[in-house]
Amino acid sequence: MLDIRLLRESPELVKQRLATRDAALAPLVDQILAIDSARRAAETERQQLQSDRNRLSKEIGIGRKNGEDTSAKETEVRGIGTRIDEIGQEADAADTQQRDLLLALPNLPHDACPIGTTAEENPEVRRWGTAPAYDFEPKDHIALGQAHGMLDFEAGAKITGSAFVVYRGPGARLERALINFLLDLHTTQHGYTEISPPLLVKPECLVGTGQLPKFGDQVYHSPEDDLYLIPTAEVPVTNLHREEILKNEQLPIHYAAYTPCFRREAGSAGLGTRGLIRMHQFDKVELVHITTPETSMDALETLTGHAEKVLQLLGLHYRVIELCTGDIGFGSAKTYDIEVWAPGQKAYLEVSSCSTFGDYQARRMNLRYKDAEGKNRIAHTLNGSGTALARLFVALVETHQQADGTILIPEALRRHYGADQISTLSK
RNA sequence: GGAGAGAUGGCUGAGUGGUCGAAAGCACAUCUUUGCUAAAGAUGCGUAGGAGUAAUCCUACCGAGGGUUCGAAUCCCUCUCUCUCCGCCA
């Protein structure tokens with residue numbers, strides 16, 4: 001959520017920055033400002049009436065004690081009460097309307113975010129390694145999954161539906177090994193505190209991180225309980241400190257959480273994609289930072305580096321791209337995507353999206369900290385996948401497949417997997 | 001799921017219809033004094049919103065939301081959470 005004061009003080013700046021996302025957003029700023037001004041007028045009147053009521057009520061109390069007749073004043077206050085109700089409804093309605101509009105407004109892209117309108121304009125920042133060459137035709141993960149009895153898409157469709165998968169045997173073991181590898185890496189090498197959160201959250205949490213109210217159709221919902229299945233661990237983990245005032249010395253906070261993620265992918269064009277690329281449920285290890293405003297931009301670089309380390313240790317070629325203003329997510333101020341090379345797909349797959357949200361999420365969830373002067377300030381939040389599992393699985397088995405059909409387990413993962421390769425014997 | 005108890009400022013805790021945003025203590029900050037591993041005293045110390053150039057003033061908030069009343073931390077209703085006991089269960 002943007003600061004209403006920023007809109008009041010610098011409406012042109014806000015409009016310009018929003019227009020770098022989408023030209024249609026700028027008019028919303030004037031709409032919000034009109035409501036804000038009406039809201040304040042109503043609020044001022046309400047407060048004046050409340051002040052009158054408080055004063056007269058006190059006089060009635062004192063008058064009664066002294067045995068005076070207070071009925072005239074009581075009638076007057078009754079009239080004031082009616083007007084307070086009327087003007088109060090007006091003020092509350094304007095307040096709700098203003099909040100709804102502000103919640104539907106995306107974050108301002110950071111100055112450091114490259115200007116552009118579509119994904120084609122996302123600049124590549126760097127590459128690590130090179131795409132491996134094979135002296136045989138590399139199989140894709142679907143074929144490899146079938147050969148080793150690792151992935152059962154039919155079973156997933158049978159018990160739940162399309163875009164659900166059953167991992168079995170070495171596949172299930174590899175998935176579990178990757179989860180442990182990722183958590184161990186981030187907690188022991190990068191200093192993160194491990195979190196295992198609930199997978200169902202209240203609507204307020206999704207409002208806090210920005211999925212609600214705009215993207216409710218992308219999240220699984222249990223109406224009887226008004227609870228939502230999390231689309232990412234970002235939601236419960238960032239909301240851990242919702243409506244709190246953290247102490248200065250508590251920052252920065254670094255959390256790493258493994259959770260399954262659930263996404264309806266309503267209207268998604270890619271849902272027809274074969275294999276593990278786009279699923280309704282997938283595993284992910286998420287990294288969350290809560291920082292001061294002064295350190296959040298540096299933290300984004302650090303966070304991205306932590307996610308990259310995963311791919312380096314697993315010997316997977318990747319590239320880092322920087323999302324342009326027209327392509328960054330709703331709440332993001334600046335985002336790096338990490339895309340890993342998948343030889344069987346002959347394509348780069350997004351396995352991590354690392355973003356700083358500035359104070360956008362923190363203001364939505366009223367997450368503050370006390371600075372060195374003892375002043376309450378809105379914190380900054382960041383998160384990035386460290387990394388998504390299903391696509392990492394794809395890149396891993398496709399990259400490390402051998403001519404004889406076996407799959408080499410990278411050195412760094414062997415301790416967790418318990419073997420140095422997946423062969424047909426490992427079924 | 002059933003029964004009971006509770007929810008007040010950073011913490012403890014008083015307050016059952018009228019200057020209560022809220023006593024007192026602790027903690028914290030600044031200052032003063034005596035002095036030495038501390039003690040005493042003074043002052044200050046919640047959040048949000050609104051008006052004003054500003055000093056400052058006003059409003060709201062005692063778990064949340066409604067209601068009664070001229071007036072609610074206080075009375076009534078609903079909900080949430082915590083604790084205890086019972087049931088059920090991994």
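Chain A is the first sequence line, chain B the second, and so forth, proteins listed ahead of strands; every chain is numbered from 1.
Every residue two or more places apart in sequence or in another chain that forms a side-chain contact (heavy atoms from CB on, under 4.5 Å) with A:Lys202 is listed here: A:Glu204, A:Leu227. Partners of A:Ala112 according to the side-chain contact (heavy atoms from CB on, under 4.5 Å) rule, which considers only residues two or more places apart in sequence or in another chain, are A:His110, A:Met297, A:Lys334. The side-chain contact (heavy atoms from CB on, under 4.5 Å) check on A:Ala119 picks up A:Asn122, A:Asp327, with sequence neighbours excluded. The side-chain contact (heavy atoms from CB on, under 4.5 Å) search around A:Lys247 returns A:Glu249, A:Gln250, not counting sequence neighbours. The ring pair (Phe, Tyr, Trp, His ring centres under 6.0 Å) check on A:Tyr258 picks up nothing, with sequence neighbours excluded. In this view, A:His241 and A:Tyr255 satisfy the ring pair (Phe, Tyr, Trp, His ring centres under 6.0 Å) rule, not counting sequence neighbours.
Taking a pair as Watson-Crick or G-U wobble with both distances under 3.5 Å, RNA chain B forms stems of 3 or more consecutive pairs at B:1-7 with B:80-86, B:10-12 with B:24-26, B:28-34 with B:38-44, B:46-51 with B:56-61, B:63-67 with B:75-79.
Distance check on atom P: B:G46 versus B:A7 gives 24 Å, rounded to whole Å. Across B:G9 and B:A48, the matching P atoms stand 16 Å from one another, rounded to whole Å. Annotation: B:A72 and B:G21 have their C1' atoms spaced 14 Å apart (nearest Å). Atom name P, nucleotides B:A23 and B:C45: the rounded distance is 12 Å, in whole Å. With both ends at atom P, the span from B:G17 to B:A73 equals 13 Å, rounded to whole Å. As rounded to the nearest Å, B:G10 and B:A64 have P atoms that lie 13 Å from one another. When the C1' atom is compared between B:U19 and B:C70, the two are found 16 Å apart, to the nearest whole Å. For B:G18 and B:U12, the P atoms lie 27 Å apart once the distance is rounded to whole Å.
Using a 4.0 Å heavy-atom cutoff across all strands shown, A:Arg55 reaches no nucleic acid atom at all. A:Arg46 comes within 4.0 angstrom of no nucleic acid atom, judged by non-hydrogen atoms across all strands. Within 4.0 Å of A:Arg8, counting heavy atoms only, lie sugar-phosphate atoms of the nucleic acid but no base atom.
Inspection of the A:Thr232 and A:Lys284 side chains reveals an N or O donor paired with an N or O acceptor under 3.5 Å. With 3.5 Å as the limit, one finds a donor-acceptor pair spanning the side chains of A:Asn376 and A:Lys370.
Each of A:Lys58 and A:Arg368 lies near RNA chain B, and the nucleotide nearest A:Lys58 is the one positioned closer to the 5' end. The residue among A:Ile60 and A:Gln50 whose nearest nucleotide of RNA chain B lies closer to the 5′ end is A:Gln50.
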Run the side-chain donor-acceptor check on residues 75-89 of chain A: report pairs under 3.5 Å with partners two or more places apart or on a different chain.
| residue | atom | partner | partner atom | Å |
| --- | --- | --- | --- | --- |
| A:Thr75 | OG1 | A:Ser71 | O | 2.9 |
| A:Thr82 | OG1 | A:Arg78 | O | 3.1 |

I'd like a table of donor-acceptor pairs (distance under 3.5 Å, sequence neighbours excluded) in which one partner is a side-chain atom from residues 356-368 of chain A, with atom names and distances.
| residue | atom | partner | partner atom | Å |
| --- | --- | --- | --- | --- |
| A:Thr356 | OG1 | A:Gly358 | N | 3.2 |
| A:Asp359 | OD1 | A:Arg363 | NH1 | 3.3 |
| A:Asp359 | OD2 | A:Arg363 | NH1 | 3.4 |
| A:Asp359 | OD2 | A:Arg363 | NH2 | 3.1 |
| A:Tyr360 | OH | A:Leu105 | O | 2.4 |
| A:Tyr360 | OH | A:Arg364 | NH1 | 3.0 |
| A:Gln361 | OE1 | A:Thr381 | OG1 | 2.7 |
| A:Gln361 | NE2 | A:Thr209 | O | 3.1 |
| A:Gln361 | NE2 | A:Glu234 | OE2 | 2.8 |
| A:Arg363 | NH1 | A:Met1 | O | 3.1 |
| A:Arg364 | NE | A:Val207 | O | 2.7 |
| A:Arg364 | NH1 | A:Leu103 | O | 3.1 |
| A:Arg364 | NH2 | A:Leu103 | O | 3.4 |
| A:Arg364 | NH2 | A:Val207 | O | 3.4 |
| A:Arg364 | NH2 | A:Leu212 | O | 2.9 |
| A:Asn366 | OD1 | A:Arg368 | NE | 3.3 |

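Classification of A:Glu74 and A:Arg64 as a salt-bridged pair holds, one side-chain N sitting under 4.0 Å from a carboxylate O.
The list of side-chain hydrogen bond (donor to acceptor under 3.5 Å, both in side chains) pairs with a residue in residues 18-35 of chain A, not counting sequence neighbours, reads A:Lys15-A:Asp30.
Scanning RNA chain B 5' to 3' for nucleotides with an atom closer than 4.0 angstrom to a non-hydrogen atom of chain A gives a first and last hit of B:G18 to B:G71.
Contacts of residues 68-79 of chain A with RNA chain B (heavy atom under 4.0 Å): A:Glu74, A:Val77, A:Arg78.
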